[in-house]
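For ligands, and for the atoms within them, numbers begin at 1 and follow the listed sequence.
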Amino acid sequence: MNKIRQTRNAQLFEEPLIFELSQKGKTSFTIYNDDLEDIELNLPKELLREDINLPEVSEPEVVRHFTRLSTWNYGIDLGFYPLGSCTMKYNPRINEEIANNSYFLQLHPALEEKYIQPLLKLVFELQELIKTITDMPAVTLQPAAGAHGELTGIFLIRAYHKAKGNSNKDTILIPDSAHGTNPATCSFAGFKVKELKSTKEGTLDLELFKNSIDEHVAALMITNPNTLGVFETQIGEIAEILHQNDALLYMDGANYNALIGKISLSNMGIDVAHLNLHKTFSTPHGGGGPGAGAVVVSDRLKDFLPGPIVEYDKEKNYYYFSNPSKSIGRVKAGLGHTGMLIRALTYILSWGNQIHKVAEHAVLNANLIKKELEDVLKVASENPSMHEVVFNHSTLKKLGYETIHLAKTLIDYGFHPPTVYFPLIVPGAIMVEPTETESPETIVAFTNAIKDIIKRMENKEESLKETPNNTFVGKIDEAGVARNPILNYFTK
Ligand SMILES: *Cc1c(COP(=O)(O)O)cnc(C)c1O
């Protein structure tokens, strides 16, 4: 950590004292002396340690320490969070209200179905709504994240080919515009990966794709909209060619924001797709919290889905578990991350039959950013933008700066930087995803900040290479932090 800046309350704590508040003899609790003797007597000697060396601090110091830390952080509840390929939307408070209902909080995951009917009803309804929204015949809500959903989907493809005796199908085609998890997932599941170079518009090269099809191809895995924020309009034709060769079509729908309520995955010929409930359906996922990757499948893959799935007996008004006939087995304990499922259902129900407006506003916001910035930054693809827009670094390079300087300076303007240097196919990529929850005023304040930074770059302000300056911690030594981490308070 370099220089610690003086901000509110920070003058009290000079580096390196910042986390060193411990003083011998301070405590955060009080126990009457009489009781203390009993407690000490009741503790078995072999469980007692003399040298535990925990920090000794008073209760107000603990509370203030963590409250102070929280104010040095940045989050969606504080400002715009335009990370591309992340869908960092505002999480409505009602989601938390419902997910924190004591009934859901206190259920044991191993309870029999007859004791958890309300929860099963909730999961069943979410299954039905995800099927309706995507127009697909079957779904599993078990996977714990997007990448886990991908792995589940690729296992389904593997099971399908195995059941058909397609032993030579060992390769999956992946465009170079795919999300990084796609090739990782395929090789983890034992497939060979063949990368397809995109056209200069950033879409799948149809000729190259046709020439790559042979008896080894098990599937194509395509991110749509792709990581350039562009919709793959040839998807129907792509599906047809794959199916003629008994190969399947996997669509990475992690960022379903632009498509929600607008398209039918069945009509597009998709066999399997995962949707990140912790992006499109509002659960916040920054900081690596729990996620949920719903996987929807076509009739070809339905019987292979992980079990159990929740079904409903209308006559008995009873919800029950069922296992698909050729199930690949469980991919997660219990029903998956039910807290995320509750939030997703709440989000969908609060939009009701207006949920397509999410897509409309998200696309409008991305295009507002494109329009505002296209004179100062070079757009990576001329095709219409969906939920996000990607720029390259050519303007910045010409002025003697890098993408990283723009990103770090934005922090001084009070904005979280967009995703940078991804996708890899765009030099010095700046990938902005606004989502539907931002107002036009916020969007324009953000694009104005970028314009202002570029103007300062034209004036050759050298200080822009040393930003941020207004944060509690300045430019950090990223390599040093990774190599010499300080992981607890007394290691120095
Ligand atoms: C976020 C994302 C993933 C991975 O999702 P995780 O929940 O982080 O595992 C996969 N594909 C795309 C296109 C994504 O944006």
Side-chain angles (χ1 to χ4, degrees), residues 76 81-89 91 130 134 140-155 172 174-189 193 198 202-204 219-232 235 249-260 265 270 272-296 331-332 336-337 339-341 343-344 359 362 366 380-381 385-390 418-426 429 431-435:
I76 193 72
Y81 217 128
L83 279 181
S85 203
C86 283
T87 317
M88 303 292 285
K89 62 176 70 177
N91 174 50
I130 299 276
T134 54
T140 172
L141 302 176
Q142 264 181 37
H148 193 202
E150 289 176 30
L151 191 63
T152 306
I154 297 296
F155 281 166
I172 295 186
I174 304 185
D176 60 3
S177 64
H179 194 266
T181 47
N182 295 181
T185 296
C186 293
S187 46
F188 194 76
V193 172
S198 300
T203 50
L204 184 79
L220 169 80
M221 192 174 195
I222 192 166
T223 303
N224 196 19
N226 64 30
T227 53
L228 290 177
V230 171
F231 188 74
E232 299 280 354
I235 195 87
L249 178 53
Y250 188 113
M251 189 186 105
D252 180 336
N255 311 115
Y256 205 70
N257 230 28
L259 309 181
I260 187 165
L265 292 188
I270 308 295
V272 47
H274 77 274
L275 269 52
N276 282 25
L277 302 190
H278 54 292
K279 286 179 178 170
T280 306
F281 299 97
S282 81
T283 304
H285 71 293
V295 175
V296 289
V331 295
K332 183 93 180 79
H337 285 155
M340 310 305 114
L341 307 184
R343 287 174 177 87
S381 170
S385 287
M386 301 297 284
H387 60 296
E388 63 195 357
V389 53
V390 185
T419 296
V420 290
Y421 300 105
F422 180 83
L424 303 176
I425 50 174
V426 178
M431 185 195 213
V432 194
E433 182 180 2
T435 86

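Taking all atoms of both residues into account, the shortest heavy-atom contact from Val193 to Cys186 is CG2-CB, 3.7 Å.
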Identify all N/O pairs between ligand 1 and the protein with a separation under 3.5 Å and present them as a table of atom names and distances.
unit_1	atom_1	unit_2	atom_2	d
ligand 1	5 (O)	Asn276	ND2	3.0
ligand 1	7 (O)	Gly146	N	2.8
ligand 1	7 (O)	Asn276	ND2	3.3
ligand 1	7 (O)	His278	NE2	2.6
ligand 1	9 (O)	Gly146	N	3.4
ligand 1	9 (O)	Ala147	N	2.8
ligand 1	11 (N)	His179	ND1	3.4
ligand 1	11 (N)	Asp252	OD1	3.3
ligand 1	11 (N)	Asp252	OD2	2.6
ligand 1	15 (O)	Ser85	O	2.9
ligand 1	15 (O)	Ser85	OG	2.8
ligand 1	15 (O)	Asn255	OD1	2.9
ligand 1	15 (O)	Asn255	ND2	3.4
ligand 1	15 (O)	Lys279	NZ	2.7

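Using modelled atom types, one finds a donor on one side chain and an acceptor on the other under 3.5 Å when comparing Asn182 with Thr223.
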Yes or no on side-chain contact (heavy atoms from CB on, under 4.5 Å) for Ile130 and Leu275, after CA distance, side-chain angles and deciding distance? CA-CA 9 Å; Ile130 299 276; Leu275 269 52; 4.3 Å; yes
Run the numbers on Ser85 and Glu433 for side chain to side chain donor-acceptor pair (under 3.5 Å), then give the verdict. CA-CA 7 Å; Ser85 203; Glu433 182 180 2; 5.9 Å; no
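Contacts of Lys89 classified as salt bridge (Lys or Arg N to Asp or Glu O under 4.0 Å), with partners at least two apart in sequence or in another chain: Glu436.
Taking the six-membered ring where tryptophan is involved, the planes of His179 and Phe422 are perpendicular, since the angle between them exceeds 60° and thus also 30°.
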